[in-house]
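Working notes, beginning with the structure itself.
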Amino acid sequence: MAGIKQSPWILHYDASSCNGCDIETLACLTPVFDVERLGVINTGNPKHADIFLVTGAVNEQSKDVIRNLYRQMPEPKVVVAIGACAATGGVFRECYNISGGVDSVIPVDVFVPGCAARPEAIIDGVVRALAVLEERQRDTAAAAGSMDQVLYLRAQKSNAPQILALQKAAYQSEAGIYGDEGLPALQQTLEELEDEFDRRPNREASSLGARETRKDPEKDRDHVVFLKAVVNGRIIGAVRGYEVDDTAYLSRVIVHPYFQGMGIGRRLTEEIEKAFPGVKRFEIFTGHRNERNLRQFRKLGYQEFKTEPFTPAITWIYLQKERP
Amino acid sequence: MRILMTLVLALILVPIGAGLMLGCVRLDTLRKVVVGAVTLAVFCGTLALAARPTPVDSGVVPFNHHWLNLGMLLVEIGMGLYVIVVGVRSRRPLIVALMLAQGGLMLWFELTQGPRLEAAHDLFVDNFSLIMALINGVVGGGICLYALGYMREYHEVAHRDVPDRRPLFFALLFIFMGAMFGLVFANNLMWLFLFWEITTLCSFLLIGYTQTPEARRNALRALVMNLAGGLAFALAIVWFHDNADSIELQTLITSKQSLALVPAALLCFAGITKSAQLPFSSWLLGAMVAPTPVSALLHSSTMVKAGVYLVLRMAPAVTGTTVGLMVALVGGVTFVIGSMAAITTSEAKRVLAWSTVANLGLIVLCGGIGTGEAVWAGMLLIVFHAVAKCLLFLCVGVVEHKLHSRDIEAMSGLIVNLPRVAVMMLVGMAGMFLAPFGMLISKWAVLKAVVDASPLLSVFIVFGSSATLFFWVKWMGKLLEVVEPQRRIEEKLALGESIALYGLSAATFLACLFFPLISSRFIEPYVLSVYGQTASLGQGNLLIMTIMMIFVLLFPLSFVWYGRGVKVVDAYLGGANVRGGVGFTGSAGQVQEVNLHNYYFRGLLDEAGLCRCGVIGCSIVLAVMAAAALV
Amino acid sequence: MSSWIRLLIYLIAAPVVGGLLAGWDRRISARMQSRRGPPIFQPFYDVRKLWQKQSIVVRRSQNFYILFFLLLVIFTGALFFAGSDLLLVIFALTLAAIFFVLGAYKASSPYSFIGAERELILMMAYEPMILLTAIGMYMVTKSFYVHDIASHATLLVLALPGVFLGFLYTLEIKFRKSPFDLSSSHHAHQELVRGITTEFSGRALALVEIAHWYENVFLLGWVYLFFASSPLLGVAVSLLVFVLVILTDNVFARLKWQTALRSAWVVAAVLGFGNILVLSLLR
Ligand code: SF4
């Protein structure tokens with residue numbers, strides 16, 4: 001199944017550009033560059049678009065918009081950040097309202113450098129994005145074709161970058177629910193994630209209260225389990241958990257948006273429960289407005305037992321289950 | 001023969017008798033029993049009548065004429081006196097004048113011509129009257145059942161402030177029904193006139209049912225306009241008797257055009273007032289203040305049909321004359337103006353009323369053209385319109401009680417809130433204007449008939465029907481769209497309401513499926529007997545219509561694959577969606593709710609202006625018609 | 001040629017021809033703007049891609065309406081090329097368009113809602129002229145059957161010049177070209193985003209495209225009908241009309257819906273009805 005390369009439809013969004021990059025982007029459509037000869041159409045509609053072009057740095061106003069637009073694009077899709085601002089925040093980086101480049105909000109596939117980026121560079125960026133798009137398309141198609149062969153395996157530290165990318169994509173819908181980011185899952189850095197492979201995270205451990213006893217890292221490792229769901233060599237889901245005193249603390253059941261609603265999350269949860277044979281009790285938490293997760297966990301036998309405000313917008317709901 | 005006549009008489013008298021009885025029944029259960037029984041009896045009666053192999057022509061009533069005439073005279077005088085009292089009390093000299101003119105004329109006529117006023121056949125049954133009787137019995141019966149539940153909710157929940165006069169309501173409903181049977185079976189013009197006046201009076205009383213100042217005003221307006229029609233009717237009888245020495249409808253239809261033209265024109269005028277054509281449409285719009293069953297029964301499916309019934313009956317007498325052309329023009333103009341006016345309003349009952357006026361206009365257009373093909377098409381329209389429009393009225397009634405509003409804009413998301421009623425409403429609307437449902441088949445037939453007879457008149461149909469398209473589809477869209485997170489309203493229907501709604505929905509489909517049967521069994525023989533030739537749709541076209549029908553019927557089946565393999569996300573709102581997709585972040589960061597609102601062409605079309613144009617235009621046309629008839 | 005063979009050819013060839021016409025359209029438009037433009041097969045590439053994309057909806061049932069839209073458009077064309085009753089063809093076309101509009105209503109997004117509403121206005125605008133066209137043809141040939149009309153001996157356009165011009169006017173609307181691309185435009189960036197198709201993606205959008213191909217072929221077939229007695233001229237004029245439509249698309253700004261509606265009705269009343277008036281006077 002090829003051909004996605006021949007018909008790239010584009011959505012262009014100006015996050016908070018000085019308009020320099022915007023002008024250059026639109027210049028691509030003019031007779032001089034005429035990207036339509038490559039089949040490019042500037043759709044202006046996320047539901048029709050394959051490639052998301054973002055210019056300018058991300059600020060408080062544009063954060064939600066970028067996330068919404070990204071979420072409303074059908075799979076497979078790629079994101080191209082155009083210009084220095086979109087890459088890092090550029091000259092606006094130090095402004096009070098700027099949260100950085102586009103990748104501080106959504107996963108970016110191609111960065112086009114320049115201030116302003118030249119039309120040739122932008123076209124080049126789009127063409128590179130097309131390669132990513134095609135690969136993703138092939139991956140997705142292959143994965144969708146062999147959904148009966150999902151493998152649930154232990155993840156290694158070397159999987160961390162893939163899991164992080166997955167996590168950021170998967171949590172977009174969660175961010176859509178709460179509007180405000182501040183979801184730890186979206187702010188996690190690669191180092192933090194890699195760290196989790198070695199020892200359980202501090203923040204969540206703190207909720208354990210006084211009973212928490214810090215053990216040495218070497219021993220902790222035995223208690224941490226990372227699982228991944230793999231199709232055709234591609235990770236499409238993951239979950240993690242660690243064990244303290246007869247209780248397994250599970251967290252972040254993540255599934256790639258394209259494969260959500262196919263029962264992968266449920267299987268991941270079940271599998272990770274098996275990975276803790278010695279515990280008596282499981283605990284898991286989710287945001288209070290994520291009805292889908294709550295429903296899912298209840299179906300798996302979990303029951304709510306406490307809530308904890310996290311930010312003004314989010315309240316964590318903790319669920320537990322005794323091992324039968 | 002005797003059985004037939006007994007049946008006909010029973011159909012007239014049983015409802016009237018039941019009505020008189022219901023007038024003194026205060027007990028709800030007893031009322032239910034009586035209404036149910038009578039409705040069932042009437043229903044079976046009409047079916048039995050329709051099932052008879054060869055409908056017979058005419059019959060003699062087994063009563064002594066003298067006494068019967070005297071009785072009728074008394075009823076007439078009583079009604080006349082009542083109307084005059086009403087006119088005096090409400091200080092409407094016009095009502096008094098019209099009533100005095102018409103009553104005086106009839107009284108003088110009866111007193112001077114009394115002994116000579118004999119008709120060989122007082123009643124007659126033919127295919128046309130059978131169709132009308134079927135509509136009256138089946139649709140009307142359904143509405144009576146519906147009214148039981150509806151009126152209880154009306155008084156006990158929705159309109160507590162309105163005095164509960166249900167005995168009167170049901171009495172009038174059934175008396176009206178009997179009168180309607182009388183109207184379609186009468187051959188003696190005097191009888192026809194009597195029943196005509198009874199329906200006028202019932203309509204007046206039912207419009208004024210709530211006794212609010214608005215209802216009273218509108219009822220009086222309806223009375224004035226219908227009395228004007230009544231006057232024309234009386235004149236027609238006198239004129240015809242004067243010239244042809246007969247008071248039989250059949251004689252009138254079959255006599256030569258020169259003799260019949262003046263009375264036919266007068267009767268057409270009466271029909272035009274009764275069926276609320278412009279310039280008289282305002283009474284039907286005003287009549288929408290009445291409870292919904294009244295609107296459904298009197299003001300969409302039966303009484304106003306009596307008007308077009310008369311016009312279609314007169315069709316052979318006026319065809320090809322200037323009078324006929326003018327009648328057709330009135331119908332055509334009404335169709336266009338009514339359809340456009342329906343675009344401009346968002347009140348459901350008003351839209352239905354305008355659409356009724358418009359469709360009646362189409363039938364009047366057919367009558368005015370008066371060729372066999374046109375009459376055939378007009379009769380098709382009568383049948384299909386009665387079923388579908390009645391269904392729509394009843395649905396709106398239910399929705400109004402559940403939502404406490406009859407604004408179309410408030411019906412957004414009805415498909416989730418009240419799924420069953422919404423689906424029935426959609427069926428009704430599809431029945432009104434979509435291929436391959438009945439109304440469209442009929443409109444198609446009308447178009448062909450008009451193009452054959454006088455292509456220039458087709459311009460009305462062409463413009464009118466495209467306007468029709470607009471207001472129906474936007475209403476359908478309103479029902480289908482789902483914007484807010486919806487709550488499902490409890491959808492409890494009373495038994496009678498369910499019977500009526502499901503029955504009529506089924507009838508809308510069945511009328512389509514059995515369209516060839518309806519046409520060949522009832523309509524074609526009538527047209528054949530009057531014109532000596534008939535029209536029908538080609539076999540191949542029927543096949544195509546059937547295929548389309550299958551398409552439409554397949555549509556609900558597709559919900560078997562309900563939303564498989566799709567991902568649900570919010571609507572596109574420029575990326576500014578906030579939680580859950582019902583709102584977006586506007587300027588300065590405040591959250592705005594999504595609000596979808598239909599176009600009503602404000603500034604382009606305006607209801608009052610349209611009306612004014614129509615009234616002036618049609619008045620001129622009517623004046624020309626009068627001149628043409630006299631010259 | 002028997003009507004069955006013609007039907008079969010239509011069913012198979014129409015999407016090919018329609019797609020090529022669409023590709024040609026984009027190419028000619030590009031040349032008019034002194035650009036190179038996409039390959040001629042671009043519309044096929046687009047549809048192929050759309051077919052592989054995920055389907056995103058706002059309301060789960062919205063895509064069925066599109067499926068029925070496509071089926072009915074094909075059905076309309078099939079009736080036409082099988083030589084059946086012209087009025088029936090119009091009714092089927094209307095039914096198809098209504099399904100499309102209802103799908104957009106169902107999608108319940110402000111953009112598709114307004115798109116649907118405007119599409120309805122446009123339908124209301126072109127319906128009279130289309131019906132008048134059928135009536136005009138009937139008056140000349142004494143038959144509503146496409147079959148009979150096509151085998152009429154003289155050039156219909158000679159008797160129906162006004163109707164023909166009026167029909168061209170409505171064709172602009174049916175092709176959704178400027179100045180009448182109010183409901184959904186193929187040009188980027190406008191106030192309605194994609195109007196009526198805003199909320200359709202993936203396969204549903206591909207179906208819409210294919211439906212338009214079928215529809216365009218059918219409409220050009222109708223243009224041909226005016227010149228049916230001389231097939232070569234007919235084909236030439238149909239193609240010329242198509243180029244004309246592209247030209248107007250590129251040179252005109254968009255009209256407001258009020259103006260679109262009013263002008264279309266005036267055209268129908270003056271050109272269409274005027275022509276019929278003359279015909280019936282001559283008769
Ligand atoms: S990269 Fe330069 S040109 Fe582009 S938006 Fe930033 S400041 Fe403007």
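Numbered from 1 within each chain, the chains take letters A, B, ... in sequence-line order. All heavy atoms count here, side chains included; hydrogens, waters and symmetry mates do not. Bear in mind the structure is a predicted one, so any value in this text is a computation, not a measurement.
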For this session: Can you see which heavy atom on C/Gln42 is nearest to which on A/Gln6, and at what distance?
Result: NE2-O, 3.0 Å
For this session: Could you tell me whether A/Lys47 and C/Glu199 have a side-chain N and a carboxylate O separated by less than 4.0 Å?
Result: yes
For this session: Search all heavy atoms of C/Asp46 against all heavy atoms of A/Ser7 and return the closest pair with its distance.
Result: OD1-OG, 2.6 Å
For this session: Could you check if a side-chain atom of A/Asn45 sits within less than 4.5 angstrom of a side-chain atom of C/Thr197, using non-hydrogen atoms only?
Result: no
Problem set entry | Exceeds 12 heavy-atom contacts within 6.0 angstrom, atom CD of A/Glu120 | yes
Problem set entry | A/Asn59: side chain to side chain donor-acceptor pair (under 3.5 Å) partners, not counting sequence neighbours | A/Ser62
Exercise. C/Val57 versus chain A, heavy atoms under 4.5 Å apart: side chain, backbone, both or neither?
Worked result: neither
For this session: Please examine the side chains of A/Lys77 and C/Gln54, heavy atoms only from C-beta on, and report whether any two atoms are closer than 4.5 Å.
Result: no
Seminar exercise, completed: Scanning both residues in full, the closest heavy-atom pair of C/Pro39 with A/Arg37 reads CD-O, 3.6 Å
Problem set entry | Among C/Arg27, C/Arg35, C/Gln33, C/Arg36, side chain to side chain contact (heavy atoms under 4.5 Å, CB included) partner for A/Glu36 | C/Arg35
Exercise. Roughly how far apart are C/Ser201 OG and A/Glu75 CD, rounded to 0.5 Å?
Worked result: 11.5 Å
For this session: Answer yes or no on whether C/Lys49 is positioned over the face of A/Trp9, meaning its NZ or CZ is under 6.0 Å from the six-membered ring centre and within 45° of the axis.
Result: yes
Problem set entry | Check: C/Leu205 and A/His48 side chains under 4.5 Å, non-hydrogen atoms | yes
For this session: Please look at C/Tyr111 and chain A and tell me whether the side chain, the backbone, both or neither of the residue comes under 4.5 angstrom of a heavy atom of that chain.
Result: neither
Could you list the donor-acceptor pairs under 3.5 angstrom formed by side chains in residues 122-133 of chain A, with sequence neighbours left out?
from, atom 1, to, atom 2, distance (Å)
A/Asp124, OD2, A/Arg128, NE, 3.2

